[in-house]
Amino acid sequence: MSLARTAYSLIIVIATVVILIYLKEILIPFILAVIIWFIIREVQTQTRKLHIGERRIPQWLSGVISFVLIFAVLGTVVNLLVVNIKGISTVLPTYEQNLSKVIDTIDSELGIDVLYQVREWSGSFDFTEIISIVINSITTLIGSAFLILIYVIFMMLEQRFFRLKFSSLYSEEKKRERANNILDEIDQSLSRYVALKTVVSLITGVASYIAMEIIGVDFAFFWAFLIFILNYIPNIGSLIATLFPTLIAAIQFGDLTPALYVLIAVGLIQVVVGNVLEPRLFGNSLNISSLVVILSLAFWGAIWGVVGMILSVPITVMLILTFAQFDETRGISILLSDKGMLDRD
């Protein structure tokens, strides 16, 4: 029986991975819609605290206000990104020329063939292709905006029935109460993570935008948006978010001095936000092993790319919280946790 159960579990895991890979064009917009929905709910919670006279704002009105506000911001961001992407496309030839100047400078100063070393390490180096991959990824994301909007609208229309449908799955009161507790814990943890991570990433992006504008980096909004997105990726996201605009500054100016300014400014912002602000906001609320974070980052990145990396922590949090509620899977939750201690201990 144990062997059969193991075989069934293995088949389910393989089938799940295959489904995640082949349906990613549908699942990724849906997951992004869920994140936006969480943000809207957090804004809705805050707007519910406002009063009209002596009465609170009705729930339906706070939902409409939150929806319009979030999508007005997203629409503005999309328009600015489109303008920046068009501008970047026009200056790519100039960037390639400046890249040659930077490489020649490094070669003469350090006495090494940088381009040869990079090619030896990575196999090939095409700056235009790298920028094009980044732009295409963001353009694809923008292209999914309408589908994401539809998902969010229907989730907001259905959200008042979620709890009722979920409770109806269980006939026994004890099981229903336990299921509702699991749902509440997952909801609160994910809502907190999405809200706080968005705030932290926004602060990092805005501060980086101001720094790059002062230095004079072209299309500072685009690179700041990239920093905002990359900060959702745990551990390596902040490193890439620092190195990428530094490289861009060097290529734009054809000189290493502005790049050094960007490295110091953006790097300092990342250090302050990542090591001072973020721990104060999050505390120990995310009970995840660092090794598990890296493994989940690699796994979800392999099947869903950059979006999978961004979603890796929320998915892992949900798994830990869910597994902890059942005796059969509690051991898995303990292994995934930071110090082996769960809330129920």
Side-chain angles (χ1 to χ4, degrees), residues 32 35-36 39 43 68-96 98-99 127-146 148-149 194 197-233 237-255 257-274 277-278 305-307 309-310:
L32 292 173
I35 291 177
I36 295 174
I39 296 173
V43 175
V68 172
L69 178 63
I70 294 299
F71 273 94
V73 172
L74 291 176
T76 303
V77 170
V78 167
N79 286 332
L80 290 172
L81 284 175
V82 169
V83 172
N84 278 256
I85 287 172
K86 289 181 179 178
I88 292 172
S89 300
T90 60
V91 299
L92 276 179
T94 304
Y95 277 12
E96 287 189 302
N98 290 344
L99 178 60
F127 174 75
T128 304
E129 184 178 352
I130 295 174
I131 296 294
S132 297
I133 290 173
V134 174
I135 292 176
N136 288 337
S137 299
I138 295 177
T139 303
T140 302
L141 197 61
I142 294 173
S144 303
F146 180 73
I148 293 172
L149 173 63
V194 170
K197 195 64 178 178
T198 299
V199 170
V200 168
S201 298
L202 185 61
I203 292 172
T204 307
V206 171
S208 299
Y209 171 77
I210 294 172
M212 288 187 289
E213 276 287 349
I214 293 174
I215 297 171
V217 178
D218 287 342
F219 314 109
F221 178 84
F222 179 84
W223 308 122
F225 176 79
L226 200 60
I227 290 172
F228 168 79
I229 293 296
L230 288 172
N231 268 271
Y232 280 92
I233 302 175
S238 58
L239 176 62
I240 300 174
T242 302
L243 295 179
F244 207 96
T246 301
L247 176 62
I248 292 300
I251 294 170
Q252 174 192 330
F253 293 100
D255 187 3
T257 302
L260 182 61
Y261 293 152
V262 173
L263 177 63
I264 294 173
V266 176
L268 185 60
I269 291 168
Q270 292 284 353
V271 169
V272 171
V273 173
L277 179 60
E278 190 166 340
V306 175
V307 178
M309 294 180 179
I310 296 170

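Keep in mind that the numbers below use all heavy atoms, side chains included, and drop hydrogens, waters and symmetry copies. Everything quoted here is computed from the prediction, not taken from an experiment. Residue numbers run from 1 in the order of the sequence given.
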Heavy-atom side-chain contact between Gln270 and Leu239 under 4.5 Å: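 No. Closest side-chain heavy atoms not under 4.5 Å.
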Residue from Leu226, Leu230, Ile227 passing side-chain contact (heavy atoms from CB on, under 4.5 Å) with Ile240: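 Going through the options one by one, the only one that passes is Leu230.
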Once side-chain contact (heavy atoms from CB on, under 4.5 Å) is applied, do any residues pair with [X], and if so which ones, sequence neighbours excluded?
X	result
Phe71	Ile36, Ile40, Phe67, Leu74, Leu149, Val152
Thr246	Ala259, Val262, Leu263
Leu268	Val272
Val68	Val64

Tell me whether Phe228 at atom CZ has more than 12 heavy atoms from other residues, nucleotides or ligands lying less than 6.0 Å away.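 More than 12 within 6.0 Å, yes.
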Minimum heavy-atom distance [X]-[Y], with the two atoms named:
X	Y	value
Ala211	Ile269	CB-CD1, 4.3 Å
Gly205	Ala224	O-CB, 3.5 Å
Ala220	Met212	O-CE, 3.6 Å

Mind checking what makes side-chain hydrogen bond (donor to acceptor under 3.5 Å, both in side chains) contact with Tyr209, not counting sequence neighbours?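 Per chain and number, Tyr209 pairs via side-chain hydrogen bond (donor to acceptor under 3.5 Å, both in side chains) with Glu213.
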At what distance, to the nearest 0.5 angstrom, does [atom1] of [X] lie from [atom2] of [Y]?
X	Y	atom1	atom2	result
Lys197	Ile35	NZ	CD1	12.0 Å
Ile215	Leu260	CD1	CG	9.5 Å
Ile203	Leu277	CD1	CG	5.0 Å

Which pairs pass side-chain hydrogen bond (donor to acceptor under 3.5 Å, both in side chains) with one or both residues in residues 198-208, sequence neighbours excluded?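 Pairs touching residues 198-208 that pass the test: Thr198-Tyr232.
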